[in-house]
Amino acid sequence: PPLGLRWLLCYEENHAKVCHLQKAAPKNWFASGQRIRVGQCPTRFGRISWTTKAKSDHQWQVTLDFETPFTADLVIHIHPPNGKPLSHTSHGTIQNQSIHLSQQQLQNQTKLTLDIS
């Protein structure tokens with residue numbers, strides 16, 4: 001069970017330097033008032049902790065904490081309960097229903113907060 005939960009929340013691509021967060025998380029985890037919190041998740045790119053807080057059904061705040069600067073691209077998946085597409089992120093770029101942060105954007109970062117809607 002712990003390994004399955006890890007893959008639900010943190011998935012590393014085998015043939016690329018890309019790590020996905022929350023890729024398989026259910027939509028109801030992104031509903032207003034819900035929170036996803038993961039601490040010290042080991043990846044081959046470094047340990048990562050994060051919290052996703054749903055401020056409403058269409059507004060989220062994601063706080064990322066890196067033990068050391070992350071050495072891969074990071075894709076944060078958001079699954080709005082109403083199914084509407086994402087339209088804004090304070091960092092990175094929107095690609096489908098996810099936020100893409102490149103390794104260059106994460107360079108020298110140990111903490112980053114994103115506002116997403």
Side-chain angles (χ1 to χ4, degrees):
L3 185 57
L5 184 58
R6 185 201 185 279
W7 286 343
L8 176 90
L9 293 172
C10 182
Y11 172 78
E12 299 169 58
E13 292 186 16
N14 289 331
H15 297 39
K17 292 179 74 172
V18 179
C19 183
H20 296 263
L21 304 182
Q22 309 170 160
K23 186 173 185 176
K27 282 185 178 185
N28 62 325
W29 289 13
F30 297 90
S32 182
Q34 296 297 315
R35 187 178 300 217
I36 300 169
R37 185 166 186 250
V38 177
Q40 297 298 310
C41 182
T43 74
R44 67 181 197 265
F45 314 112
R47 288 187 183 269
I48 181 172
S49 298
W50 78 91
T51 302
T52 299
K53 185 185 336 179
K55 294 180 167 188
S56 70
D57 284 347
H58 60 274
Q59 197 173 34
W60 302 267
Q61 184 175 65
V62 179
T63 303
L64 304 165
D65 289 298
F66 305 101
E67 194 171 80
T68 58
F70 209 64
T71 60
D73 289 0
L74 188 63
V75 181
I76 303 166
H77 296 264
I78 302 290
H79 306 288
N82 60 13
K84 290 186 179 179
L86 300 177
S87 61
H88 169 78
T89 180
S90 58
H91 298 282
T93 57
I94 297 172
Q95 296 178 355
N96 299 318
Q97 290 296 78
S98 62
I99 307 304
H100 184 267
L101 298 162
S102 70
Q103 181 179 351
Q104 292 76 24
Q105 290 170 308
L106 296 172
Q107 188 174 336
N108 300 321
Q109 298 282 343
T110 56
K111 186 167 184 141
L112 186 64
T113 299
L114 292 83
D115 292 309
I116 302 165
S117 58

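Remember, it's a predicted structure, so these values are computed and weren't measured experimentally. Count residues from 1 along the sequence.
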List the residues meeting side chain to side chain contact (heavy atoms under 4.5 Å, CB included) with Ala72, not counting sequence neighbours, and say none if there are none.
Lys17, Phe45, Phe70
Applying ring-ring contact (aromatic ring centres under 6.0 Å, His included), which residue pairs with at least one partner in residues 71-106 are found, sequence neighbours left out?
His20-His77, Phe30-His79
Worked check of side chain to side chain contact (heavy atoms under 4.5 Å, CB included) between Ile78 and Gln97:
CA-CA 6 Å; Ile78 302 290; Gln97 290 296 78; 5.8 Å; no
Note: Arg37 and Thr51 closest approach over all heavy atoms is CG-OG1, 3.7 Å
Once side chain to side chain contact (heavy atoms under 4.5 Å, CB included) is applied, do any residues pair with Pro26, and if so which ones, sequence neighbours excluded?
Asn28, Trp29
What residues form a side chain to side chain donor-acceptor pair (under 3.5 Å) with Gln61, not counting sequence neighbours?
Asp115
Determine the sole option in Leu74, Thr113, Thr52 for which the side-chain contact (heavy atoms from CB on, under 4.5 Å) test with Leu64 is passed.
Leu74
ILVMFWY cluster, Leu101 and Val18 together (side-chain gap under 4.5 Å):
no
Sequence neighbours excluded, the answer for side chain to side chain contact (heavy atoms under 4.5 Å, CB included) partners of Gln40 is Arg47, Ser49, Glu67
Applying salt bridge (charged side-chain N to carboxylate O under 4.0 Å, His left out), name anything that partners Asp65, two or more places apart in sequence or on another chain.
Lys111
The side chain to side chain contact (heavy atoms under 4.5 Å, CB included) partners of Lys84 (sequence neighbours excluded) come to Asn82
Any Ile48 side-chain heavy atom under 4.5 Å of Leu21 side chain:
yes
Are Val38 and Ile76 in one and the same hydrophobic cluster, where Ile, Leu, Val, Met, Phe, Trp and Tyr link if side-chain heavy atoms are under 4.5 Å apart?
yes
Nearest 0.5 Å please: distance from the SG atom of Cys10 over to the NZ atom of Lys23.
11.5 Å
Whether the side chain of Gln105 engages the backbone of Ser102 through a donor-acceptor N/O pair (distance < 3.5 Å, no angle test) should be reported.
yes
Say whether Phe66 and Leu114 are linked into one hydrophobic cluster, either directly or through other cluster members, by side-chain heavy-atom distances under 4.5 angstrom.
yes
Shortest non-hydrogen pair, Asp57 vs Ser32, comes out as OD1-N, 2.7 Å
Listed partners of Gln59 passing side chain to side chain donor-acceptor pair (under 3.5 Å), at least two apart:
none
Would you indicate whether the side-chain heavy atoms of Trp60 and Leu86 approach each other to under 4.5 Å?
yes
Any pair with a residue in residues 72-83 that passes salt bridge (charged side-chain N to carboxylate O under 4.0 Å, His left out), sequence neighbours left out, goes on the list, sorted by first then second residue, please.
none
